[in-house]
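Everything below concerns the one structure shown next.
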Amino acid sequence: MKPGMVPPPPGEESQIILLPPGWQSYLSPQGRRYYVNTTTNETTWERPSSSSGIPASPGPHRSSLPPTVNGYHAAGTPAHPPETAHMSVRKSTGDSQNLGSSSPGKKQNKENTITINCVTFPHPDTMPEQQLLKPTEWSYCDYFWADKKDPQGNGTMAGFELLLQKQLKGKQMQKEMSEFIRERIKIEEEYAKNLAKLSQNSLAAQEEGSLGEAWAQVKKSLADEAEVHLKFSAKLHSEVEKPLMNFRENFKKDMKKCEHHITDLRKQLASRHAAVEKARKALTERQRDLEIKTQQLEIKLSNKTEEDIKKARRKSTQAGDDLMRCVDLYNQAQSKWFEEMVTTTLELERLEAERVEMIRQHLCQYTQLRHETDMFNQSTVEPVDQLLRKVDPAKDRELWVREHKTGNIRPVDMEI
């Protein structure tokens, strides 16, 4: 669910005034009420007569109103204001939302939205499901707009913060993988050291013949295997462990910058929301004050009461303008937050995919090095296999006898 824009509140022209058919009531920029005949485009300061459908005293007052040009008064006030005026605010989702209005006419719009932690969302019961920015991709930019309740019940977590924690967790997992490879390297180095030491052992060094040669080759193969494992450990360090450790060394710092930026935008949005609520309350109070003074005028007509009503109208109009300005600033802040959220979540999505691919490639390098090590280890024992196939006890005996014989005269029986 993505946030939407807030339409401006209605002005005083939305107040219900009973007029003859064809007549509309509006306020001038100075806060004075005037009347427009939507059929003839006639304008007057005087309230039209309910009997004739024309102004009660049109003569001396019509000329005091600004002339209309292409439907607008020369002073800039629309001759026929639209029923609902909307600010020119770029909408991020195409759906018009609202924070609520003090006017009964906007009650339905208020019910169509829901505000969660100062962000305006479509109401799930009244608004159709919004179109995803990246359908079928389960993209970060579509599913992390609202806040999520803490499973332990200790408050809520912003969707962006959840994404940020995933990124930092991924960085931690990457670091732990690097530490794991480092332990593997230590094992290889210790193994190589022990193999080299064992190859220098003098046990069975006096074995002779072709078997003695095979045994000597077994000991030599240990030294060769030790060298293979040393090379394996060195490559693990340079081609797997070090890249894992150094990948995005400043990643955590960069994520903190993103977090601070989005948090600042969210704080600004909360501030704008508070200003809207304050301005809305002020408008309600001004409208109530105007209504009270209007009722007093009906009871007792006096110049002082008329002057009070004029002041109340000006204040009510000013309060409406302030509310529209606050809503406009709120929408701008929410739009900016929306844009940065989309941009940043897509960047986090790209970084996560890049991290996974980088680790996959280096783990593939690890398995490749393992295969190479196994192949080299096999090559160290091949000479041993060859010599073992040549072991010939009869030949060994012949050679040994030739070297160590003491004589070939056998003993005979003693004669008497």
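Remember, it's a predicted structure, so these values are computed and weren't measured experimentally.
Looking only at side-chain heavy atoms (C-beta outward), F144 and F160 stay at 4.5 Å or farther from each other. Two residues are said to be in side-chain contact when any heavy atoms from C-beta on lie closer than 4.5 Å; K220 and S199 fail this criterion. Side-chain contact check for Q365 versus L236: every heavy-atom pair is 4.5 Å or farther apart. Residues K315 and D289 form no side-chain contact, since every pair of their non-hydrogen atoms from C-beta on lies 4.5 Å or further apart. Two residues are said to be in side-chain contact when any heavy atoms from C-beta on lie closer than 4.5 Å; E208 and D396 fail this criterion. Side-chain contact between R355 and Q167 is absent, with no heavy-atom pair separated by less than 4.5 Å. V327 places a side-chain heavy atom less than 4.5 Å from the side chain of N331. The side-chain heavy atoms of E249 and N246, taken from C-beta on, include a pair separated by under 4.5 Å.
With hydrogens and angles disregarded, no donor-acceptor distance shorter than 3.5 Å links the side chain of T156 to the backbone of K148.
Salt-bridge annotation for E354 and R248: present, with a side-chain N of the basic residue lying under 4.0 Å from a carboxylate O of the acidic one. A salt bridge does not link D321 with R325: none of the charged nitrogens is closer than 4.0 Å to a carboxylate oxygen. A salt bridge links D147 and R266; the closest N-O separation between the charged side-chain nitrogens and carboxylate oxygens is under 4.0 Å. With respect to the salt-bridge test (charged N to carboxylate O, under 4.0 angstrom), the residues E190 and K186 do not qualify. Salt-bridge check for E188 with R184: passed, with a basic side-chain N closer than 4.0 Å to an acidic carboxylate O. Using a 4.0 Å cut-off between a side-chain N of Lys or Arg and a carboxylate O of Asp or Glu, R288 and E291 do not qualify as a salt bridge.
Of all non-hydrogen atoms in A312 and K293, the two that sit nearest each other are CB-CD, 3.9 Å. Here the shortest heavy-atom pairing between E349 and Y140 reads OE1-N, 2.8 Å.
Under 3.5 Å, the side chains of Q378 and D374 contain no donor-acceptor pair of N or O atoms. Judged purely by distance below 3.5 Å, without hydrogens or angles, the side chains of E239 and H362 never pair a donor atom with an acceptor atom. If you check the side chains of Q217 and E213, you find no donor sitting under 3.5 Å from an acceptor. Y330 and T120 share a donor-acceptor pair across their side chains, judged by distance under 3.5 Å alone. Looking only at atom types and distance, the side chain of Q268 has no donor-acceptor partner in the side chain of D264 under 3.5 Å away. Side-chain contact check for S210 and D392: no donor-acceptor pair (N or O, by modelled atom type) lies under 3.5 Å.
Between Y191 and H229, the ring planes are perpendicular. Angles over 60° get that label, and only those under 30° would be called parallel. Classified by interplanar angle (parallel below 30°, tilted 30° to 60°, perpendicular above 60°), the ring pair Y366/F232 is tilted.
Only one option out of K169, Q174, E176 pairs with Q172 in a side chain to side chain donor-acceptor pair (under 3.5 Å); it is E176.
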Checklist entry - Run the side chain to side chain donor-acceptor pair (under 3.5 Å) check on Q386 and E382 step by step: do they pass? => result CA-CA 6 Å; Q386 294 174 2; E382 287 178 357; 5.5 Å; no
Checklist entry - Hey, mind stepping through D224 and F376 against side-chain contact (heavy atoms from CB on, under 4.5 Å) and telling me if it holds? => result CA-CA 9 Å; D224 294 340; F376 290 143; over 6 Å; no
